Structures are given as C-alpha cells and as structure tokens.
Amino acid sequence: MRILLLLSPVVLFANLALADSVPEFKWRAEEIDAIQIGYGLQLTDVNGDGKTDIVLADKKTIQWYQNPDWTKHIIARDLTQRDNVCVTARDIDGDGKCEIAVGGQWNYRETLKDGAVFYLIPSKDRTQLWQPVQLYNEPSVHRMHWVRDKNDEFRLLVKPLRGRGTVDGVGPGLRVLEYFKPKDPTDEWKFSVVCDFMHLSHNFHVVNWDNDKEEEIIIAGKEGVWHFDKQGKDWKATQLTKNFAGEIRDGRLPNGKRFIATVEPKHGNVSAVYTQPSKSGDLWKPVKVLDKALKDGHAVACADYLGVGSDQIVVGWRAMNDPGVPGIKLFAPLDKAGKQWRETRVSAKKVAVEDIKAGDLNGDGKTDIVAAARQTKNLVIFFNETKTK
C-alpha cells in the first residue's frame, strides 16, 4: 500500500492499464528430435525456400532441420576428436541461403591446445555433407557470429571461453578474433584481434545500436558486460555493467528504452535487467532482478513474443553442475520502465536447456521458441499460440 501511495493517480492508472493489456503467453510444445547435447542453435533459411529452418551443432554432427516437416539433414560429422561447441549461420552474400561456420574440439578447462574453427562450403544439394575448411583458432573456442561491417560485408567473429594458459580466469585475457572471408574460402583467412582483456566469457551477442549498417557486439564475462564498436581498424570498448555475466541479450522496454538481460555469473543463478543510461559512457542501471534461483543459467532470448510492440525475456537453465529441476521461464514487463514483471513457467524437467533461439517458424507472425537440451537430450519447438488483444 505504501508503494501505491508514492505513485500519482495518473502513473498508477497508466501502469495498471499497461499490465491489463499484456496477454498471457500460450504455447504448444513439439519435440522434433532426440539429440545428444545440442550445443548451439541458429534459426535461418538454409535452402533458400523462404522458410526459417533450424541449424544445430550437436555433439559430433552439424545438422539442419527443414521447415515445415523438420526433416533432419546432417551436413558435417566428426570434424574433430572432441565435441562440437558452437555454430553460426547467416546469409552473408544475399542469395537467400545461409553460410555456416562451426567451432569444435571442445575441452572445458584446457587452455593451450584444444579448439577448432571450420567454415563449411555447401554442397550443391544442401541436404548432403558440406566441405569443411579449417581456420586458425585460439584455444577453448566457444561462441561465434557473422557480423556485418560498414561495407555491407560480413566478418566471422569467434570468442574463446578462456585466455590462453589461464587457470580459473587468472592469466592472459582471451582473444576475440575477427576473420576476413577470402573470395575463395579454401584460401587463407586473415584475422585481427577484437579484444584481449576479458576472462571467462561465456557468450556474446550482435547488436546495432547506432542504426547504421555496421553491427557491433556486446560481450559478457568476468569483467561484466562490454560493448564493442569498430572504428576504423580498431574496436572501441565501453563497459556497460560490472557484475560477472555469462549470458547477454538486448531488447526494448514498453517506454522505448533499450535494455540488456543477463545471466549472472557464468552458469549462474541470477537473471537481471539493466537499462541504458541517459549519459553516454555511464554504467547501465540495474532495474530488476528477475530470478535468483536458476540452476546453471545457460540461455537468454529477447523478443516480442506477446505482440505488444516491446520485448519480453526468455531465460533457460539446465541444472547440470548445480543439480535440480531445469526449465524455461518467460518474463514480461508490466510497466513502461520495466520495474514490474510477470513470470510464466514455460517448461520444467522435460527440457534441460543448453541453447535457446527465438523466431517465427510457421509464418503466423508470432515469435516461437526453439530449445536444445542437454541432459534431457531433445530438440523442442514451443509454438507461440498467444491470443493478442
């Protein structure tokens, strides 16, 4: 009651009206495959038919699932002795069909020799095996993205989990590399260093906050969340938060303000929301801790699942290192500033999330959720059946 008295009648009415207009998330879960681990997901058009397919990096195979019947096509297998760990898939040449790179030879604690990066040259029939081209790599390759530059060309950015020779995040910083694709992808790929000061960085994310063609990245790690914007040949680094973060994504609140959503720390138990400060260069402001009881938080996906014109946050956890019940939750802001959120449990013990991606898979204009799961060994689509107002 005291909180209500601090609000003016106009503000209180506006918040209540907004909360009342936010529909409940409804969904239909469909398991489309039994998998081994499901390290990484991408949603993209693989074969150029205009439909969004699913690309998955599994333990020893790279495969895609063809929309709409989700037929599985294995395009690479046994690239390295150890597991695959990540994949990026995006149309980088404008032909309507994606290009794919993958990371493998995954060894969680080894920091001197293991890791691998491959570009996959598509076969004429994209349902068959693709030709792998191995690139230079840093140890402990962990995440990768295709990122657009100012010339409307794409670079491959690859981020390790740990710095070379480090032990528990102590030692040299990890090197994020920017690869330049040659005209003939079998030729040598030149590369440069994006940054080399972060430690224990679990995930990073592509953004475009200045609305030009050139994209930027935000990286989560032991040093917090950092924004990197390429200026000339160098990348300008700006710190956004200080807390050790493992997962990072961005979105927009109902008031139009940009936010970032995290899991803290790496494989952590906390999911938090920060908003952009009014003064450039200031740290982002924490506005809400969404959850403090995650077990192995391992994925975040921000999108407008409810069709309200702003974004909501999906968080997934796997409960592997911190044993317990895994799950997926959707958090929806109920006021313009993102101080009050509604929690919806989407899944529990049936899906132990390794990765989550969001996209419209059936062309109905609603954003669906795709989850790849480790201990439960399944690939699941949560088709969005929310009734918008």
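Along the sequence shown, residues carry numbers from 1. From a predicted model like this one, the values you see are computed outputs, not experimental measurements.
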Polar side chain donor-acceptor pair, Asn203 to Glu247, under 3.5 angstrom: yes
Give a yes-or-no answer on whether the side chains of Thr71 and Asp69 include a donor-acceptor pair shorter than 3.5 Å. yes
Assess, by modelled atom type and distance only, whether the side chains of Gln63 and His73 contain a donor and an acceptor separated by less than 3.5 Å. no
Verify the distance criterion only: is there a donor paired with an acceptor across the side chains of Glu31 and Asn378 at less than 3.5 Å? yes
If you apply the rule side-chain contact (heavy atoms from CB on, under 4.5 Å), what do you find for Ile248 with His202, and how did you get there? CA-CA 9 Å; Ile248 181 67; His202 196 264; over 6 Å; no
Is it true that the side chains of Glu223 and His199 contain a donor and an acceptor less than 3.5 Å apart? yes
Could you tell me whether the side chains of Asn243 and Thr241 share a donor-acceptor contact shorter than 3.5 Å? no
Side-chain contact, heavy-atom cut-off 4.5 Å: Thr262 with Val225? yes
Salt bridge check, Lys213 against Asp149: does any charged N sit closer than 4.0 Å to a carboxylate O? no
Over 12 non-hydrogen atoms of neighbours within 6.0 angstrom of CD in Gln231: yes
Return yes when atom CD of Glu30 has more than 12 non-hydrogen atoms of other residues, nucleotides or ligands closer than 6.0 Å, and no otherwise. yes
Hey, is the main chain of Ile260 close enough, under 3.5 Å, to the side chain of Asp250 for a donor-acceptor pair? no
Test: Asp33 and Lys72 ion pair at under 4.0 Å: yes
Are any non-hydrogen side-chain atoms of His145 and Ile217 less than 4.5 angstrom apart? no
Should the pair Lys26-Glu385 be classified as a salt bridge under the 4.0 Å nitrogen-to-oxygen rule? no
The test is side-chain contact (heavy atoms from CB on, under 4.5 Å); show your working for Val22 and Arg342 and say whether it passes. CA-CA 9 Å; Val22 178; Arg342 183 177 63 213; 3.4 Å; yes
Using ring pair (Phe, Tyr, Trp, His ring centres under 6.0 Å) as the criterion, list what pairs up with Phe25, not counting sequence neighbours. Trp27
Would you please say whether a donor-acceptor pair under 3.5 Å links the side chains of Tyr39 and Asp83? yes
Going by an N to O cut-off under 4.0 Å, is there a salt bridge joining Asp296 and Arg318? yes
Please examine the side chains of Arg126 and Ile75, heavy atoms only from C-beta on, and report whether any two atoms are closer than 4.5 Å. no
Is it possible for you to say whether Ile313 and Val346 belong to one hydrophobic cluster, with membership spreading through side-chain heavy-atom contacts below 4.5 Å? no
Do Glu354 and Arg374 meet the salt-bridge criterion of a basic N to acidic O distance under 4.0 Å? yes
Has the side chain of Asn137 got a donor or acceptor atom that lies under 3.5 Å from a matching backbone atom of Gly115? yes
Would you call Ser140 and Asn107 a side-chain contact if the rule is heavy atoms closer than 4.5 Å? no
Measuring from His267:NE2 to Leu294:CG, what's the distance to the nearest 0.5 Å? 12.5 Å
Run the salt bridge (charged side-chain N to carboxylate O under 4.0 Å, His left out) test on Lys357 and Asp355 for me, step by step, so that the C-alpha distance in whole Å, both residues' side-chain angles and the decisive distance to 0.1 Å come before the verdict. CA-CA 7 Å; Lys357 291 294 185 291; Asp355 195 15; 2.9 Å; yes
Polar side-chain atom of Thr61 near backbone of Arg77 as donor-acceptor pair, under 3.5 Å: no
Indicate yes or no for a side-chain donor-acceptor contact from Arg90 to the backbone of Ile92 under 3.5 Å, with no hydrogens or angles considered. no
If I compare all heavy atoms of Pro160 with all of Glu138, which pair ends up nearest, and what's the gap? CG-CB, 3.9 Å
For the atom pair OG (Ser201) and CZ (Arg143), what is the distance rounded to the nearest 0.5 Å? 9.5 Å
Listing request: all ring-ring contact (aromatic ring centres under 6.0 Å, His included) pairs with a residue in residues 315-361, at least two apart in sequence or in separate chains. none
With a 3.5 Å cut-off and no angle check, do the side chains of Thr44 and Gln42 form a donor-acceptor pair? no
Backbone N/O of Gly256 and side chain of Arg252: donor-acceptor pair under 3.5 Å: yes
Are the side chain of Asp360 and the backbone N or O of Gly365 linked by a donor-acceptor pair below 3.5 Å? yes
Indicate whether any N or O donor in one side chain lies under 3.5 Å from an N or O acceptor in the other, for Gln134 and Tyr136. no
Value rounded to 0.5 Å, distance of CG in Asp368 from OG1 in Thr386: 9.5 Å
Using the rule side-chain contact (heavy atoms from CB on, under 4.5 Å), only one of Val55, Leu156, Ile100 pairs with Thr88; which is it? Leu156
In sequence, state the C-alpha distance, the side-chain angles, and the governing distance for Lys150 and Asp212, and then conclude on salt bridge (charged side-chain N to carboxylate O under 4.0 Å, His left out). CA-CA 8 Å; Lys150 65 180 181 180; Asp212 57 14; over 6 Å; no
Can you tell if the side chain of Asp291 reaches within under 4.5 Å of the side chain of Val315, non-hydrogen atoms only? no
Sidechain-backbone polar pair: Lys60 side chain, Gln81 backbone, donor-acceptor under 3.5 Å: yes
Gap separating the CG atom of Asn151 from the CD atom of Glu153, nearest 0.5 angstrom: 5.5 Å
Run Tyr274 and Phe259 through ring pair (Phe, Tyr, Trp, His ring centres under 6.0 Å) and show every step you take. CA-CA 5 Å; Tyr274 300 81; Phe259 71 81; over 10 Å; no
Donor-acceptor contact below 3.5 Å, side chain Glu216 vs main chain Trp209: yes
Could you go step by step and tell me if Cys86 and Val141 meet the side-chain contact (heavy atoms from CB on, under 4.5 Å) rule? CA-CA 8 Å; Cys86 58; Val141 167; 4.2 Å; yes
Gln312 side chain vs Leu306 backbone, donor-acceptor pair below 3.5 Å: yes
Between Arg148 and Asp152 (salt bridge meaning N to carboxylate O under 4.0 Å), is one present in this structure? yes
Does the side chain of Pro68 come within less than 4.5 Å of Lys51's, by heavy atoms? yes
Exactly one candidate in Phe204, Trp284, Trp235, Phe197 meets ring-ring contact (aromatic ring centres under 6.0 Å, His included) with Trp226; the answer is Phe197
Does the side chain of Glu215 pick up a donor-acceptor pair with the side chain of Asn208 at under 3.5 Å? no
Sole candidate of Tyr179, Phe180, Phe191 that passes side-chain contact (heavy atoms from CB on, under 4.5 Å) when paired with Arg155: Phe180
Side chain of Asp304, backbone of Gly309: donor and acceptor closer than 3.5 Å? yes
Crowding at NZ, Lys350 (>12 non-hydrogen neighbours, <6.0 Å): no
Are Pro254 and Asp335 side-chain neighbours, meaning at least one heavy-atom pair lies under 4.5 Å? no
With side-chain contact (heavy atoms from CB on, under 4.5 Å) as the test, would you mind laying out the steps for Leu361 and Trp70 before giving the verdict? CA-CA 11 Å; Leu361 296 182; Trp70 312 116; 4.1 Å; yes
Do Lys266 and Leu161 have side-chain heavy atoms sitting under 4.5 Å apart? yes
